[in-house]
Amino acid sequence: MTKLDKYKGVIPAFYACYDDEGNISPERIQMLAKHYLEVGVKGLYVGGSSGECIYQTVEERKLVLENVMEAVGGKMTIIAHVAAPSTQQSIELAQHAESLGVDALAAIPPIYFRLPEAAIAAYWNDIMDSTDLDFIVYNIPGTTGYALTPTLLKQLVKNDKVIGVKNSSMPVQDIYLFKNNIKDDFIVFNGPDEQFVGGRVMGADGGIGGTYGAMPELFLAADHAIRHNNMDLAREIQYRINDIIFSFFECEGNMYDVIKLILAKRDLNIGRARKPLQPATEADRAKIDAIAANINAAVAQYKPVYA
Ligand SMILES: CC(=O)N[C@@H]([C@@H](O)[C@H](O)[C@H](O)CO)[C@@H](O)CC(=O)C(=O)O
């Protein structure tokens, strides 16, 4: 058992939970967090893209984390994503997260301006210096426009607080770059859910993903198959997961709104996605019924793999 084992496994990116008026709902946050605790995932990644962080105020983001911690803090690994438009706001969120007792912080690079690498490093270092928590560098070039380099990562890991990278770039080989020759005992999380198995084979220790929350049982089953060296089964589950993810993208509404409507069918009503994320349309409704049925069938088929 090492200090980093608590991060190795399936970690859903926690969804934004709103009431019917679109305000943060403490009750729904606690309900969803307890649901994932019961399902048996390793931890939760709170306040990331899937948490709609960029559409929430600092105070709203604090309220979200407070309710997750009240519901499950201490019983699962909690990683708080704290990147915000300014360094000052990011530090405020980081220190608030530390006061609640989270396990680790994560942050994307600075938002909006394409800043030079020195400014990106300074941003991450400022956040790290503001608390004693473990820190996870978040590489998501598809949305931020900045692709983490091994050179910068080697500089960052001189700070012992850096324990890993959440890698949401598409090339699986990036996992090799961030896993090898960086430092001993370093965690890499697979980001693209469509490549969960591929990322793990390349060396990722676990995954953090935006679709895990819609079908955590399938990722737990794939994780179990990988750990037991049953790669044919792992691939089979990954293919099933991908069919489901690709069906999300066939809807006109944004994936998070589609997932929320699917969760509502499982008695997990967490409201709708915030605009400008597009709401699901009437035409999506029949597709959403079919996707929900497909998820239920896949869960029934593959949950016995680990349960
Ligand atoms: C670009 C993007 O949003 N990537 C997602 C994936 O989990 C993604 O939703 C999934 O692979 C479906 O394409 C995560 O890496 C991001 C994430 O988990 C988060 O920050 O909430």
Side-chain angles (χ1 to χ4, degrees), residues 11-39 41 44-73 75-76 78 80-85 89 93 96-97 100 102 143 193 208-217 244-245 247-296 299:
I11 303 190
F14 196 71
Y15 302 126
C17 300
Y18 302 117
D19 64 20
D20 294 343
E21 280 71 52
N23 302 308
I24 302 287
S25 167
E27 297 75 24
R28 290 177 177 179
I29 292 168
Q30 296 212 19
M31 169 197 66
L32 189 66
K34 284 177 186 162
H35 167 72
Y36 293 136
L37 179 67
E38 274 164 34
V39 169
V41 294
L44 295 174
Y45 178 80
V46 184
S49 329
S50 311
E52 301 174 35
C53 68
I54 56 164
Y55 304 133
Q56 294 178 355
T57 65
V58 167
E59 289 314 312
E60 285 179 319
R61 292 177 65 178
K62 288 182 183 174
L63 187 59
V64 171
L65 192 60
E66 284 162 15
N67 280 282
V68 170
M69 291 304 284
E70 191 177 325
V72 300
K75 301 186 201 102
M76 339 166 67
I78 304 293
H81 175 257
V82 295
Q89 290 166 319
L93 286 168
H96 173 260
L100 296 176
V102 306
T143 56
D193 306 353
I208 297 173
T211 68
Y212 298 4
M215 44 188 167
E217 300 89 347
I244 293 166
I245 295 176
S247 64
F248 295 151
F249 296 138
E250 282 166 16
C251 296
E252 292 171 48
N254 177 269
M255 180 183 84
Y256 295 121
D257 200 51
V258 167
I259 288 177
K260 287 178 188 201
L261 291 172
I262 291 168
L263 288 176
K265 291 180 177 297
R266 297 175 108 185
D267 281 337
L268 294 165
N269 180 7
I270 56 167
R272 304 293 298 271
R274 252 185 200 176
K275 287 183 177 175
L277 299 176
Q278 269 194 300
T281 61
E282 271 318 299
D284 288 335
R285 295 285 176 162
K287 289 182 191 159
I288 287 169
D289 287 346
I291 301 170
N294 193 16
I295 292 176
N296 290 344
V299 169

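Judged purely by atom type and a 3.5 angstrom limit, Asn67 has no side-chain atom pairing as donor or acceptor with the backbone of Gln30. Judged by distance alone, the side chain of Asn254 and the main-chain N or O of Ala280 form no donor-acceptor pair under 3.5 Å. No side-chain donor-acceptor contact under 3.5 Å links Asp19 to the backbone of Ser25. A donor-acceptor pair is defined here as one N or O able to donate and one able to accept, closer than 3.5 Å; no such pair exists between the side chain of Asn269 and the backbone of Ala264. A donor-acceptor pair under 3.5 Å is absent between the side-chain atoms of Arg28 and the main chain of Cys17, judged by distance alone.
Evaluation of the salt bridge (Lys or Arg N to Asp or Glu O under 4.0 Å) rule for Glu66 yields no partner, not counting sequence neighbours. With sequence neighbours excluded, no residue satisfies salt bridge (Lys or Arg N to Asp or Glu O under 4.0 Å) with Glu70. Arg266 is linked by a salt bridge (Lys or Arg N to Asp or Glu O under 4.0 Å) to Glu217, counting only residues two or more places apart in sequence or in another chain. Every residue meeting the salt bridge (Lys or Arg N to Asp or Glu O under 4.0 Å) condition with Asp257, not counting sequence neighbours, appears here in chain and number order: Arg272.
To the nearest 0.5 Å, atoms CG (Leu93) and CD (Gln89) are separated by 7.5 Å. Rounding to the nearest 0.5 Å places SG of Cys251 at 10.0 Å from CD1 of Ile259.
With respect to Met69, the side chain to side chain contact (heavy atoms under 4.5 Å, CB included) criterion is satisfied by exactly one of Val46, Ile78, Leu44: Ile78.
The side-chain heavy atoms of Leu263 and Tyr15, taken from C-beta on, include a pair separated by under 4.5 Å. Between Tyr36 and Tyr212 the shortest side-chain heavy-atom distance does not fall below 4.5 Å. In this structure the side chain of Glu59 never reaches within 4.5 angstrom of the side chain of Leu63, judged on heavy atoms. Here the side chains of Leu261 and Arg285 are in contact, with some heavy-atom distance below 4.5 Å. Looking only at side-chain heavy atoms (C-beta outward), Met215 and Ile245 come within less than 4.5 Å of each other. Side-chain contact between Ile262 and Ile295 is present, with at least one heavy-atom pair separated by less than 4.5 Å.
Defined by atom type and a distance below 3.5 Å, a donor-acceptor pair is present between the side-chain atoms of Tyr18 and Gln56.
Between His81 and Tyr45, the ring-plane angle classifies as tilted under the 30° and 60° cut-offs.
For the salt bridge (charged side-chain N to carboxylate O under 4.0 Å, His left out) condition, the pairs that include at least one residue of residues 48-58, sequence neighbours left out, are Glu52-Lys260.
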List the atom pairs, donor and acceptor, that lie under 3.5 Å between side-chain atoms in residues 286-294 and the rest of the protein, sequence neighbours left out.
residue	atom	partner	partner atom	Å
Lys287	NZ	Glu250	O	3.0
Asp289	OD1	Lys265	NZ	2.6
Asn294	OD1	Arg240	NH2	3.2

Take Val258 and Phe249, measure what side-chain contact (heavy atoms from CB on, under 4.5 Å) needs, and give me the verdict at the end. CA-CA 9 Å; Val258 167; Phe249 296 138; over 6 Å; no
